[in-house]
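Here's the structure we're looking at; comments come further down.
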2 protein chains.
Amino acid sequence: MSEPIFECIPNFSEGRRAEVLDALIRAAEGPSVKVLGIHADPDHNRSVLTIAGPGDALFEAVFRTMRVAVDKIDLRQHEGAHPRIGAVDVVPWVALDNQSWDAAVGWATKLGERTADELKLPVFFYEMAARRPDRRNLADVRRSQFEGLETRLAHDPPDLGPVSPHPSAGAVAIGARRPLIAFNVILGTDDAGVARQIARAVRGASGGLAGVKALGFRLISKGRVQVSMNLVNYRTTPLPRALELVRMEAARHGVAVVGTELVGFMPMDAVEDVMRYYLQQPDFDRGRILEVALDQNRRDPDE
Amino acid sequence: MSEPIFECIPNFSEGRRAEVLDALIRAAEGPSVKVLGIHADPDHNRSVLTIAGPGDALFEAVFRTMRVAVDKIDLRQHEGAHPRIGAVDVVPWVALDNQSWDAAVGWATKLGERTADELKLPVFFYEMAARRPDRRNLADVRRSQFEGLETRLAHDPPDLGPVSPHPSAGAVAIGARRPLIAFNVILGTDDAGVARQIARAVRGASGGLAGVKALGFRLISKGRVQVSMNLVNYRTTPLPRALELVRMEAARHGVAVVGTELVGFMPMDAVEDVMRYYLQQPDFDRGRILEVALDQNRRDPDE
């Protein structure tokens with residue numbers, strides 16, 4: 001069997017300065033790793049980089065980007081709609097096969113150790129890599145935000161690293177988690193209260209859909225608002241159900257969905273869900289896509 | 001460059017007898033060709049086989065299936081909802097790259113010659129392979145149906161082969177055509193008149209959507225009706241527009257869409273159209289699907 005491939009999706013608190021985004025991409029590039037893309041959002045002032053590769057090469061690539069971020073991003077001057085605790089805000093590792101979750105946690109742990117040692121950042125481990133049950137949920141880890149870090153760390157020390165925040169780069173959350181879909185719905189209003197009410201209605205934690213995390217934001221640059229969702233269990237709470245519930249709740253306010261946005265990538269499983277739902281074809285699968293069918297045959301010449 | 005690959009989708013007037021369907025599949029199998037699948041419909045009493053491969057191997061495979069069909073299917077005992085002129089009703093060739101359309105017409109022509117010679121069937125060439133402008137449109141070629149063939153051939157001889165129908169196997173239409181999507185919408189009624197009215201409303205030839213051919217059928221086995229569509233230009237008339245127009249017209253009759261059905265395969269272009277439409281993401285493309293992105297990188301290691 002070939003070496004397992006991981007995906008790592010570091011989130012940086014910079015979504016505006018092109019030269020910083022370029023530097024992050026350049027830092028990620030290297031032998032054996034693939035930089036799949038960067039999604040930069042000027043309203044969130046945040047960017048999400050997707051990199052894939054074997055663990056050791058990916059570890060080095062991600063660490064290089066973290067060093068650039070700590071060097072170039074100063075949270076004391078940062079403003080943006082999205083909650084964050086650091087210049088490198090969160091670094092999730094994802095295994096791309098079911099055998100490699102322990103290894104993903106191992107890489108997250110190793111990255112946390114090096115980050116504490118060399119970058120002098122307080123490190124919180126979250127989700128599968130969490131060392132305390134109250135740090136499994138990323139929202140809890142991030143609740144103090146950058147501005148509240150100093151007070152918080154005094155009574156709630158990090159898992160690794162200094163007990164006071166890095167002056168410009170704050171702290172970082174490093175974890176391993178199941179793949180998720182980061183999906184934003186743009187609404188035809190500039191009323192942030194409407195977005196927040198809808199987020200509350202669709203979010204599992206406040207009575208909405210299990211497997212959906214949601215926040216409401218104003219997008220200053222667009223004069224719109226956004227319901228920003230993480231679909232953390234998209235096989236049991238599929239994307240179309242979340243989108244259509246947002247649409248239904250928005251209609252209560254006389255507000256229309258004007259578009260959606262995928263942050264990063266979507267697995268083929270989710271594409272199947274979209275096809276099944278909207279085409280009302282419960283048995284649709286990727287094998288019905290001509291290119292996939294031809295490719296499957298190409299790879300399995302004896303079948 | 002490697003040898004061009006073609007797709008051939010012979011349609012047979014048999015959708016019920018499993019042993020005949022099995023014999024057709026077995027006849028198709030052979031070196032270098034890939035049998036992607038068979039779609040058999042008991043109400044239409046018709047099946048659609050999708051085979052891909054290089055021209056010469058595909059030619060032989062398709063001809064083997066035609067010989068089996070002529071041997072095992074007797075149109076004198078055939079009943080089914082779908083119009084047809086023969087045991088092998090229609091044999092379209094599709095080029096899978098833009099350079100190979102002349103070659104696809106060449107293979108269709110060669111197949112027609114062998115069919116006339118060895119199977120003694122009257123052959124009509126249609127679409128890109130048509131030799132007369134009035135035979136470009138398959139519906140015109142098929143209008144007489146099997147039952148009217150004898151009368152029709154007497155004054156309207158085929159392009160090749162005998163001027164009277166094969167007693168049990170009728171005639172065949174062989175052509176080369178652009179890829180299409182064969183897509184059926186199932187409606188929550190057993191009123192065939194409703195299906196026919198909706199088909200008329202969505203079909204380009206009677207005032208509906210350009211690029212849509214449509215017929216209405218009753219599905220006896222399901223107690224439902226169906227609007228059966230060919231989307232012959234699915235880039236300019238995409239699948240969601242056709243489906244939603246059917247839904248809108250059905251609502252006039254108080255009838256709901258209860259499901260849809262894909263006959264054969266759908267190109268990735270059409271999957272992109274579905275995602276763009278229903279997710280309201282006009283710039284969605286296949287590169288946002290994680291598996292596709294990883295695979296593209298795998299194939300182009302230097303990019």
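So that the names make sense, note that chain A is the first sequence line, chain B the second, and so on, each numbered from 1.
- Once rounded to the nearest 0.5 Å, the distance linking CG of B:Leu36 with CD1 of B:Ile9 reads 9.5 Å.
- Contact between A:Gly216 and A:Ala199 at its shortest, heavy atoms only, is N-CB, 3.6 Å.
- Take B:Arg26 and apply the side chain to side chain donor-acceptor pair (under 3.5 Å) test, not counting sequence neighbours, and it matches no residue.
- Comparing A:Pro179, A:Ala52, A:Gly264 by how many heavy-atom pairs each has under 4.5 Å with chain B, the most go to A:Gly264.
- In this structure, A:Glu29 has no salt bridge (charged side-chain N to carboxylate O under 4.0 Å, His left out) partners at least two apart in sequence or on a different chain.
- Nearest heavy-atom pair across B:Ala108 and B:Gly175 is CB-O, 3.7 Å.
- At a heavy-atom separation below 4.5 angstrom, chain A is approached by B:Val274, B:Met275, B:Tyr278, B:Leu279, B:Gln280, B:Gln281, B:Phe284, B:Arg286, B:Gly287 within residues 272-287 of chain B.
- Neither the backbone nor the side chain of B:Val33 comes within contact range of chain A; no heavy atom of the residue lies under 4.5 Å from a heavy atom of that chain.
- When A:Met268, A:Glu291, A:Arg288, A:Met266 are compared by the number of non-hydrogen pairs under 4.5 Å with chain B, A:Arg288 comes out ahead.
- No side-chain donor-acceptor contact under 3.5 Å links B:Glu3 to the backbone of B:Pro54.
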**Item:** side-chain contact (heavy atoms from CB on, under 4.5 Å) assessment of A:Asp43 paired with A:Lys222
**Value:** CA-CA 9 Å; A:Asp43 290 300; A:Lys222 296 190 178 76; 4.3 Å; yes
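- For the atom pair CG of A:Asn11 and CG of A:Asp41, the computed distance is 11.5 Å after rounding to the nearest 0.5 Å.
- In this structure, the portions of A:Val257 lying under 4.5 Å from any heavy atom of chain B include both its backbone and its side chain.
- Remark: the backbone N or O of A:Ala182 is not paired with any side-chain donor or acceptor of A:Asn184 at under 3.5 angstrom.
- Interface with chain B: from residues 223-248 of chain A, residues A:Leu239, A:Leu243, A:Arg247 qualify, criterion being any non-hydrogen pair under 4.5 Å.
- Heavy atoms closer than 4.5 Å to chain B are found in the side chain of A:Leu96, but not in its backbone.
- Looking at B:Arg203, its side chain never comes within 3.5 Å of a backbone N or O of B:Val212 through a donor-acceptor pair.
- Note that the CD atom of A:Gln197 and the CG atom of A:Asp191 stand 8.0 Å from one another [nearest 0.5 Å].
- By number of non-hydrogen pairs under 4.5 angstrom with chain B, the leading residue of A:Val185, A:Leu290, A:Thr50 is A:Leu290.
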**Request:** Any chance you could lay out the side-chain contact (heavy atoms from CB on, under 4.5 Å) test for A:Met128 and A:Arg178, step after step, and finish with the verdict?
**Result:** CA-CA 9 Å; A:Met128 292 184 202; A:Arg178 297 271 160 198; 3.6 Å; yes
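- The main-chain N or O of B:Val94 is never found under 3.5 Å from a side-chain atom of B:Arg177 such that the two would form a donor-acceptor pair.
- The candidate with the highest count of non-hydrogen atom pairs below 4.5 Å against chain B, out of A:Ile186, A:Leu262, A:Val258, A:Val271, is A:Leu262.
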